[in-house]
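Heads up: the structure comes next, in structure tokens.
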Amino acid sequence: PAGEQAVNLLRHAGRYGLPQACYYPAPLRQTLDSLAQSSGGVSAGQRARAEYRLTVALLRFVGHLRAGCVTDTLLRPAAAPSDFDAAAHVQAALLDEGQFTEQVLRAQPTSRSYVRLLAAWQHLLATDTAAARRLALPVALNLERLRWEPRPDSLYLVVNIPAYTLHVVRGARVVSARRVVVGQYTTPTPQLYSRITWLQAAPEWCVPRSIATQEMLPQLRQNPGCLAKRGIRVYSASGR
């Protein structure tokens with residue numbers, strides 16, 4: 001029964017924003033069907049091969065549920081050390097009779113953003129398949145990125161660019177919020193993940209050359225006193 005449930009999970013990997021093709025559910029389905037229909041009995045070797053293939057696919061699926069399937073460190077942040085053991089997780093699910101599927105799916109993140117997006121996605125799949133096909137890729141990408149987030153018991157900062165807000169998050173709770181300045185549509189704020197090693201309070205800030213030449217210089221030509229009103233001083237290369 002657990003094998004049947006495992007193949008069913010792999011067949012519906014798209015419900016969790018994961019690529020079904022990574023887990024070869026069709027060949028696994030054929031393997032289980034051939035074992036069930038074998039009139040001449042099933043050898044230990046056949047059973048072992050089927051179990052091995054199914055286990056490999058399920059471990060890959062559980063690992064992707066937990067931490068995502070993108071491994072390129074140019075695209076994602078370096079993963080923090082994890083104590084998650086996919087094999088132990090699957091073994092525990094097998095020992096929980098009648099709850100195998102539910103236990104496997106507990107490998108997923110529990111963050112508020114992930115849980116809400118997953119629920120909305122699965123509701124859309126059930127109610128509007130045309131819209132779901134259009135949104136499949138962006139939903140999968142966002143679920144993947146949410147799997148890269150720190151575990152809920154850690155301390156981290158997150159910048160919500162559309163909301164112009166920085167949140168300090170400990171566990172599942174926002175403990176502090178600050179307003180931030182973000183880039184315009186034509187000069188967007190870069191998106192990144194990074195480990196914070198130091199923090200500077202009240203930093204000195206100089207106008208970047210791109211802002212000075214592309215934004216402020218045209219303003220100065222129209223109104224030479226506009227920077228003085230904003231408390232900004234302009235120096236020559238010699239310091240005058």
Side-chain angles (χ1 to χ4, degrees), residues 4-29 53-82 84-87 89-90 93 100-154 156-163 165 167 169 172 182 185 188-195:
E4 293 287 342
Q5 291 180 58
V7 172
N8 191 54
L9 273 173
L10 302 180
R11 286 181 58 235
H12 296 95
R15 288 174 51 83
Y16 310 96
L18 294 173
Q20 182 197 93
C22 284
Y23 317 112
Y24 307 104
L28 289 171
R29 174 75 271 163
R53 291 168 183 160
L54 181 56
T55 302
V56 168
L58 187 60
L59 288 175
R60 183 181 296 127
F61 176 73
V62 168
H64 291 172
L65 274 181
R66 179 72 172 192
C69 54
V70 172
T71 57
D72 190 336
T73 55
L74 294 176
L75 298 176
R76 63 173 293 169
S82 172
F84 180 72
D85 185 332
H89 183 82
V90 171
F100 177 79
T101 296
E102 292 79 1
Q103 291 292 349
V104 168
L105 293 176
R106 285 179 183 171
Q108 295 178 98
T110 56
S111 71
R112 182 171 180 267
S113 297
Y114 181 91
V115 170
R116 293 182 69 186
L117 177 57
L118 183 66
W121 169 236
Q122 293 185 351
H123 176 74
L124 185 65
L125 280 172
T127 57
D128 192 337
T129 54
R133 282 195 295 271
R134 291 195 303 271
L135 292 172
L137 181 57
V139 168
L141 292 174
N142 280 286
L143 287 172
E144 175 75 9
R145 291 173 65 186
L146 288 168
R147 292 184 181 106
W148 302 345
E149 287 188 341
R151 294 296 107 192
D153 59 349
S154 62
Y156 60 96
L157 309 180
V158 57
V159 175
N160 185 329
I161 294 175
T165 306
H167 287 155
V169 183
V182 304
Y185 180 78
T189 297
Q191 298 182 45
L192 58 94
Y193 290 85
S194 176
R195 182 179 297 276

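Excluded from the calculations below are hydrogen atoms, water molecules and symmetry mates; all remaining heavy atoms, backbone and side chain alike, are included.
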Heavy-atom closest contact ([X] atom, [Y] atom, distance):
| X | Y | answer |
| --- | --- | --- |
| Val7 | Pro25 | CG1-O, 4.1 Å |
| Val115 | Pro109 | CG2-O, 4.3 Å |
| Val104 | Ala93 | CG2-CB, 3.9 Å |
| Leu117 | Asn142 | CD2-CB, 3.8 Å |
| Gly17 | Ala140 | O-CB, 3.5 Å |

Is there a side-chain contact between Glu149 and Ser111 in this structure, where contact means two heavy atoms from C-beta onward sitting under 4.5 Å apart?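 Sidechains of Ser111 and Glu149: in contact.
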
Is the closest side-chain heavy-atom distance between Tyr16 and Leu143 below 4.5 Å?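 Result no, sub-4.5 Å side-chain heavy-atom pair not found.
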
From CA spacing to verdict: side-chain contact (heavy atoms from CB on, under 4.5 Å), Leu9, Thr101: CA-CA 7 Å; Leu9 273 173; Thr101 296; 3.8 Å; yes

Please report the interatomic distance OG1(Thr55) to CG(Leu28), rounded to the nearest 0.5 Å.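 Spacing of OG1 (Thr55) from CG (Leu28) equals 9.5 Å.
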
Distance from Leu141 atom CG to Leu146 atom CG, nearest 0.5 Å?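 If we round to the nearest 0.5 Å, Leu141:CG and Leu146:CG are 11.0 Å apart.
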
Has [X] got a side-chain atom pairing as donor or acceptor with [Y]'s backbone, closer than 3.5 angstrom?
| X | Y | result |
| --- | --- | --- |
| Arg60 | Cys22 | yes |
| His89 | Gln103 | yes |
| Gln20 | Arg11 | yes |

Suppose we screen for salt bridge (Lys or Arg N to Asp or Glu O under 4.0 Å). Which residues come up paired with Glu4, at least two apart in sequence or across chains?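 With neighbours one apart ignored, the set is Arg29.
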
Ring geometry between Tyr23 and Phe61 (parallel below 30°, tilted from 30 to 60°, perpendicular above 60°):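 Aromatic pair Phe61/Tyr23 classed perpendicular.
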
Between side-chain atoms of residues 120-128 and protein atoms elsewhere (two or more places apart, or another chain), which donor-acceptor pairs fall under 3.5 Å?
from: Trp121; atom 1: NE1; to: Gly14; atom 2: O; distance (Å): 3.0
from: Gln122; atom 1: OE1; to: Arg15; atom 2: NH2; distance (Å): 3.4
from: Gln122; atom 1: NE2; to: Arg15; atom 2: O; distance (Å): 3.2
from: Thr127; atom 1: OG1; to: His123; atom 2: O; distance (Å): 2.9
from: Asp128; atom 1: OD1; to: Ala130; atom 2: N; distance (Å): 3.4
from: Asp128; atom 1: OD1; to: Ala131; atom 2: N; distance (Å): 3.1

Derivation and outcome, side-chain hydrogen bond (donor to acceptor under 3.5 Å, both in side chains), residues Tyr114 and Arg147: CA-CA 8 Å; Tyr114 181 91; Arg147 292 184 181 106; 3.0 Å; yes

